[in-house]
Amino acid sequence: MKYRRKYISVFLLALMIVIISSRGMLTVEAQEKTIKIGYDSNSKFIQEKNSEYYGYGVEYLDKISQYTNWEYEYVNDESWQDSFDKLRKGEIDLICTVHYTEEREKEFVYSDIPLGYETTLLYANPNSGISYQDYEAFNGCKVGLLLESYSSVEFTK
C-alpha cells in the first residue's frame, strides 16, 4: 500500500509536469503565401533561363521559403529603378538588392542582417603610377563613377 501511494504520487506529478509544459508549447504553421519579387536581369543576382530562375538571390529566397512556406513570383523589370517604383506603389513585395540609405529607411523596411557584401573595384591605367593600396597615389586623381550608384555615394564620403 505504501509503494502504491508513491507510484500514484509520482505518476500524478509526472502527469502535471507534462500538462504544464505542454501548455507552454505552441505549434506554428506558416501559411503559404505568394511574394512578388522585383528584379532586373542586368544585376545577375536573379536570372532566368527557360522559365527557370537561378542565382544567389534565388538560392537565398529559397532558403527563406523553407521556414515561411512562401511561393515566389519573379517580376523582371527593365531597370532597377522600375522595380523600385513598383515596390513604392505596392505592385511588388520585395527587392533583394536595395542598398541601405537613411532616406530609404524612412519609406521601406530593411532586414537587420545583410544578405551579402559588395565590393567596388577601381581600375587604373598601368602607366598611372597607382598600385594596390597605395592610397597616397590617389590624391588629386579624377575617378569616373556611375551616376547615382551606391559606389559613387560611398566613394564621395
### Task
Hey, could you give me the CG/OH distance between D82 and Y39, rounded to the nearest 0.5 Å?
13.0 Å

### Message
With a 6.0 Å cut-off (strictly less than), is the heavy-atom count around CG of N139, excluding the residue itself, greater than 12?
### Response
yes

### Donor-acceptor side-chain pairing of S79 and D40 below 3.5 angstrom
no

### Task
Locate the shortest heavy-atom distance separating A137 from G129; write the atom from each residue and the value.
CB-O, 4.0 Å

### Spacing of CD belonging to E48 relative to OH belonging to Y53, to within rounding of 0.5 Å
5.0 Å

### Query
Taking E52 for the side chain and K49 for the main chain, is one N or O donor matched with an acceptor at less than 3.5 Å?
no

### Query
Can you name the nearest heavy-atom pair linking R104 to Y110, along with the distance?
CB-OH, 3.2 Å

### Query
Is there a donor-acceptor contact under 3.5 Å from the side chain of D93 to the main chain of K36?
yes

### Message
We want to know whether D62 and Q66 form a side-chain donor-acceptor pair, criterion being a heavy-atom distance below 3.5 angstrom.
### Response
no

### Query
Between S128 (side chain) and A124 (backbone), is there a donor-acceptor pair under 3.5 Å?
no

#### Entry: Reference residue L94; test side-chain contact (heavy atoms from CB on, under 4.5 Å); the match among I37, L87, V75, V109
I37

### Query
Where is the tightest heavy-atom contact between G38 and S83, given as atom of each residue plus distance?
C-OG, 3.8 Å

### Query
How many angstroms lie between CD1 in I92 and CG in D85, if you round to the nearest 0.5 Å?
9.5 Å

### Task
Could you walk me through whether C96 and F45 pass side chain to side chain contact (heavy atoms under 4.5 Å, CB included), step by step?
CA-CA 8 Å; C96 293; F45 192 74; 3.3 Å; yes

### Task
Quick one: pull up NZ in K44 and OH in Y54 and give me the separation to the nearest 0.5 Å.
7.5 Å

### Task
Kindly assign one of parallel, tilted or perpendicular to the pair Y72 and W70, based on the angle between their ring planes and the thresholds 30° and 60°.
perpendicular

#### Entry: Value rounded to 0.5 Å, distance of CD1 in I46 from CG in L61
5.5 Å

### Query
Is there a side-chain contact between K86 and D77, using heavy atoms and a 4.5 Å cut-off?
yes

### Task
Flag yes if more than 12 heavy atoms outside E78 fall under 6.0 Å of its CD atom; otherwise flag no.
no

### Charged tip of R88 within 45° of F108 ring normal and under 6.0 Å
no

